[in-house]
Amino acid sequence: MEALFATTTGILAASGLYLALRGRTFPVVVGLTLLSYAVNLFLFSTGGLTTDGAAVISDDASKYADPLPQALVLTAIVIGFAMTAFSVILAMRVRGDVGSDHVNGNRVDEPREDKS
Amino acid sequence: MSLLLIVLLPLLGSLLPSLSSNQRRHQCALLTAAMPLIALLVTLRETPGVIAGEVPRLAFSWVPALGLDLALRLDGLSLLFVLLILGIGLLIILYARHYLSEADNMPRFYAYLMLFMTSMLGIVMADNLILLWMFWELTSLSSFLLIGFWSHQSAARKGARMALAVTGMGGLALLAGLILIGQIVGTFDMQTVLDSRDVILADPRYLPALLLILLGAFTKSAQFPFQFWLPQAMAAPTPVSAFLHSATMVKAGVFLLARLHPALAGSQEWLYLVSLTGLVTMLYGAYFALIKLDLKTILAYSTVSHLGLITMLFGLNSQMAVVAGLFHILNHATFKAALFMTAGIVDHECGTRDIRKLKGLWRYMPMTTALAAITAASMAGFPLLNGFLSKEMMLAETLETPLLGGLAWLIPVLATIGSILAAAYSLRYVRNTFFDGKPRELEKTPHEASFPMRLPVLVLAIVCIIIGLFPAFSATGILTTAADAALTMPAPELHLSIWHGFNLPLLMSAIALIGGFMVYVLRQHLFTFHRQFPSRNSLAIFEGAVQRLVRFTQWGIDTLENGSLQRYMLWVVISALAVSGMSLMGIETLKGELAVQKADPLLIVGAAITCFAGLATAFLHRRRLISLIMLSVVGLMASLAFARFSAPDLALTQLAVEVVTVILLMLALFFLPQKTPKESSASRIVRDVLLAAGFGGVVASLNYALLTRPLNSISDYFLEHSVSGGGGHNVVNVILVDFRGFDTLGEITVLCIAGIGIYKLLNRLRLFMPSSDSEGRPWSPDRYPMILASVSQSLLPMALLVSVFIFLRGHNAPGGGFIAGLVTAVALILMYIAHGVEWAQQRLSFQYQPIAVSGVAIATLTGVGSWAFGYPFLTSAFGHFHIPLIGDVELATAMLFDLGVYLTVVGATLMILANLGKVTTSHRPSKQKEKA
Amino acid sequence: MLDFALKISVALFAIAIVLNLYRVAVGPSLPDRILALDTMYVNSIALIVLFGIWLGHRTYFEAALLIAMLGFVSTVAVCKYLLRGDIIE
Amino acid sequence: MIALYTLMEGVIAFFLIAGSIFALIGSLGLARMKDFYMRLHGPSKISTLGVGCVLLASIAYFSLLNGGPSLQELLITIFLFITAPVSAHLLSKSALHQKLPRDPRTRGNPEELQEDDDETTLEEAPQGSSKLP
């Protein structure tokens, strides 16, 4: 199970990184989102993989899932959204101001119909 | 309290000039002078007490963690300097009023001057090493402003920059040295440090600390080899030079030597380093003072020379030498300030400072000539003037030094040579400027300066004469107190008098004066000799170094920062890979000692789906919408994984965020190309695939290694104290809103800021809106499908109910502010999707920015509220209440905090999405419009 | 009996999700993929509920509820995108 | 009492099995049917029914476990039953908008698909043929 989990995290991270290395803004943003999924899973797993741990404190619960990584990842997810949103808007702004959606700010090779 | 007044009044004075306009110059000068005048009176009131042996002190704790206190003291040493700074400062204010031309911005000048005066007073009165250093750096900064006051002149800018660079770097070295001293002694408190001489001298860190501190002092006091900045600083207006280079700036270095003398002096290192540096500087400065042609440059080099003299005296490890040094500080300040002012008068009236053009000015300005002659004679060490007294003491001390052992006779000889040169350049200064024929090639006919401009010089000249004639009456008291502060034991009894009988020092003085005259007469030979050396312009060398540095950094920037995000990413990833790969190589086996759990088939299927969808997102990235759909599959699977591994809160959050992200990305996609062009070269793709695979491999190995090793978590604390301490059963939520509430506060602040940033970025953004989709089909004319519109409206109350439910239960069951906020936001976004912006805005008649901000405010106020009850920030209180239907609800202040979180999330999310939706401004073809 | 039924049920739902993924992957049209994604959401609800029954407590009830709600919203959003391009207008 | 439990267990098991079979059939339809319009049927009707069955099983199970009616799952059921038709409607709307090809044997000739002169299917459509505003 651990190996399976780790492999999945690795594949998600690899896919995310590949996208983040692309030259256009949209794949980069998607890649960052994917990468943040991978990172969240990774961080979450630092508390160990608990299958039937209780999520809330109760008297008859025998084992609990580690709450600390969960709290960390919870805020990480929300902040990750804010970051994605910000980079997406930045990408739109670049398109509006530069006229291209290339991450390096190139003004070249923009199809004609996209100019308004 | 009066101590604080002395420092703060000039600071206040730096604000006052700006109240007056540039035209009303009298008013401006008066306003400026008022504050230091009051401060001087306060100081004078304290003076009798200080001379009697009291040391008024004042301390407030400022940053206890750094050992930084706002501590001031006024001992004898401080008193001497405070009187000099304030007294000469007042004269400078008067002088500057008449010196500055109409074009100069006088309020600005005075503001800088007062700021400088404040920082100088701070240095001399600081009772804490770090505080002293702070004021020290402030003098560097404010002197930068003063030297570069005529910022339209290139020389002023360059001189100011050089002074800042040299003294600023010295300041950093000083900080390091002071910290070392603080480490040795264990405190930064001045008195403790001064009393711990034995501890400091015995510590192995003494030498590095000493070197660093001396570096700071020597750069400030322009000691060899850092003397070069001082002549360049002559580009400053003359009042500034007169102030900085007589009583203040450069004296800060020698002040530091005197201040730390009780703690650091007495060792062989101190003896050699300080006294030899001083000796070399004295000779070097004196030689160049004789060579140079510009009046102010001559004075600058003579200042360097005299500072060397003082430094040498402090270095001699003799008590009387320290007294002599302090005495010379006082004397030098008086005559040098006066001399600078005469140079300023000459410059002001003749339009040049070139000694070759100036001659015979006594015809035009007899008063100034007389004053210059008196003060220059004092500088030369002429009897009956104050300079003579301290110089003779200096000569007497050099005779007794053990320095250089068998070669000790060299010291008095060299000191006498320095004195000869001093007499020569003093004579040259006076004779070449004011006598010796008639002026040539002057631009305007010189005339005597106005009386107010001469007045400060007159005052200083009188002081020179008074001290020279009645030293015992005028200077003994303050010198003895000052020496008490600068020495470990009571100062030796001081017998200041003009006549000590025929002795060796008197002979040396006589040799100096006669020799000086002879050197002056024979100076042409010296000039001829000097011309054989290639001239070296320190400014050019320094500027060249600066240019090289700039070119080097520019090269570095061009090489590393070429504007390509892809390249930055590449470097970041490669370095991350290197670091984490290295640490992975450090462990023996990848698998740790923990037993591996068995994987069930469902999990395998789930992992396979996730991996497949993740890879598909990457491979299909050129068809963007499909890639996005694949991304949602990954998101869904991730949240199922969170649910599977006992993290319901995360599953909920992940779900909500995933949907919001998809909506966001689709909103953005509308304005971006639908497909990514094929532009990566094959080799680039191979490189990226390899890099990504390597990265994935490292992440997977790291994760596996982590998962199979035993965990040492602090979570047990949270689990134990969640109910008793936080009053909630959902530990994750309790951690968020209670245990680590401060982190959460930071996070919602970030969220709020991101929302506001996006709002601003979208402001007046105009983008092309495609009128048809990527296949060229025009958009469907049906803007708001009716079924969707009506059904979604009935779903809204249900969704809001769910979010309230999740919010209220959050403390005890999965849920909480974050998730409830996201659910509410999604529910409202559905309204936007179904009915459009206009419809939604009419019904939701509130702005989202205030909601987000008020959320942060509520959360902060909740935290602040606990202060009102005497608890630390963000302490929570709670109680349990039973609400019908919902169940046992706990009402805690944490709940209020959670409400803040909720509002922030709702506000920020809607601020982002709704504003993005609003970018489409123009009305597009629709069914409704066609009908109309 | 219940245990056995649960296992069968989970297995069938897992197969169903794999079939959905197949449709998401091959398409061929965008509505096909969206439909498959929506079905995947619905099947996930069932999986979560089954998981809850297996554990014997209802901690995951909210998760199921949210999938129902949010899956709908995301489907609606993508459909609106296909129809109008701009989903919030 | 034990008989009741056994009976209830049987009922729950029945609902579970039935629900999952329904869901499987729905997804099978999604995977196997010939064109989009046919594929839409499976998930939107049968899968919803399947999940409904599972939710019923859950209601029964937790009622049994807690010894009282446990109706929270009803909320999910209501939600699903309201939203499923709406999403199906929107999906078919967008499919018609995109003029997705249909199986030639389909009877009826909906208005939206009549001017079906577009030869290219969705996936091979050339990029960037949209007109300037």
Side-chain angles (χ1 to χ4, degrees), chain B residues 602 620 622-626 670 672-679 766-799 801-803 805-806 809 813 823 827 830 833-834 885-887 920 922 924-925 927, chain D residues 20 23-24 27 30-31 44 48 51 58 62 66 68-101 110-133:
Chain B
L602 184 62
L620 298 174
R622 296 202 299 109
R623 282 139 82 184
R624 294 180 172 182
L625 193 59
I626 298 176
F670 177 56
L672 296 173
Q674 299 300 304
K675 293 185 182 180
T676 308
K678 203 168 190 169
E679 57 186 1
R766 290 281 172 275
L767 283 168
F768 163 64
M769 285 184 291
S771 59
S772 55
D773 64 17
S774 53
E775 275 79 47
R777 277 185 294 266
W779 298 116
S780 157
D782 192 5
R783 289 182 88 175
Y784 310 117
M786 200 180 61
I787 293 183
L788 172 64
S790 47
V791 169
S792 63
Q793 216 170 332
S794 64
L795 282 178
L796 179 67
M798 260 164 86
L801 184 76
V802 168
S803 82
F805 176 75
I806 288 177
R809 284 179 19 132
V823 171
L830 184 60
I833 295 175
L885 288 176
I886 294 173
T920 48
S922 60
R924 297 164 51 223
K927 205 185 252 173
Chain D
S20 49
L24 181 65
S27 297
L30 175 70
S44 60
T48 315
V51 175
S58 171
F62 282 108
N66 302 342
S70 169
L71 298 176
Q72 279 151 329
E73 277 82 355
L74 264 185
L75 194 60
I76 305 181
T77 320
I78 295 170
F79 228 108
L80 269 183
F81 280 40
I82 295 179
T83 57
V86 182
S87 21
H89 168 248
L90 275 174
L91 278 167
S92 56
K93 212 170 152 60
S94 52
L96 286 175
H97 174 68
Q98 296 212 337
K99 297 195 192 342
L100 293 184
E111 186 191 351
E112 285 86 348
L113 292 179
Q114 267 170 12
E115 1 141 35
D116 203 351
D117 52 351
D118 201 355
E119 288 302 307
T120 53
T121 61
L122 178 73
E123 299 309 317
E124 292 108 356
Q127 155 85 352
S129 56
S130 62
K131 291 154 193 80
L132 283 167

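Both backbone and side-chain heavy atoms feed into the values below; hydrogens, waters and symmetry mates do not. Quick note on labels: first sequence line is chain A, next is B, and so on, each numbered from 1.
Residues B:V802 and D:L75 form a side-chain contact, since some pair of their non-hydrogen atoms from C-beta on lies under 4.5 Å apart.
Only the side chain of D:T83 comes within less than 4.5 Å of a heavy atom in chain B; its backbone stays farther off. In this structure, chain B has heavy atoms under 4.5 Å from both the backbone and the side chain of D:H97.
Note that the CD1 atom of D:I78 and the CE atom of B:M798 stand 5.5 Å from one another [nearest 0.5 Å].
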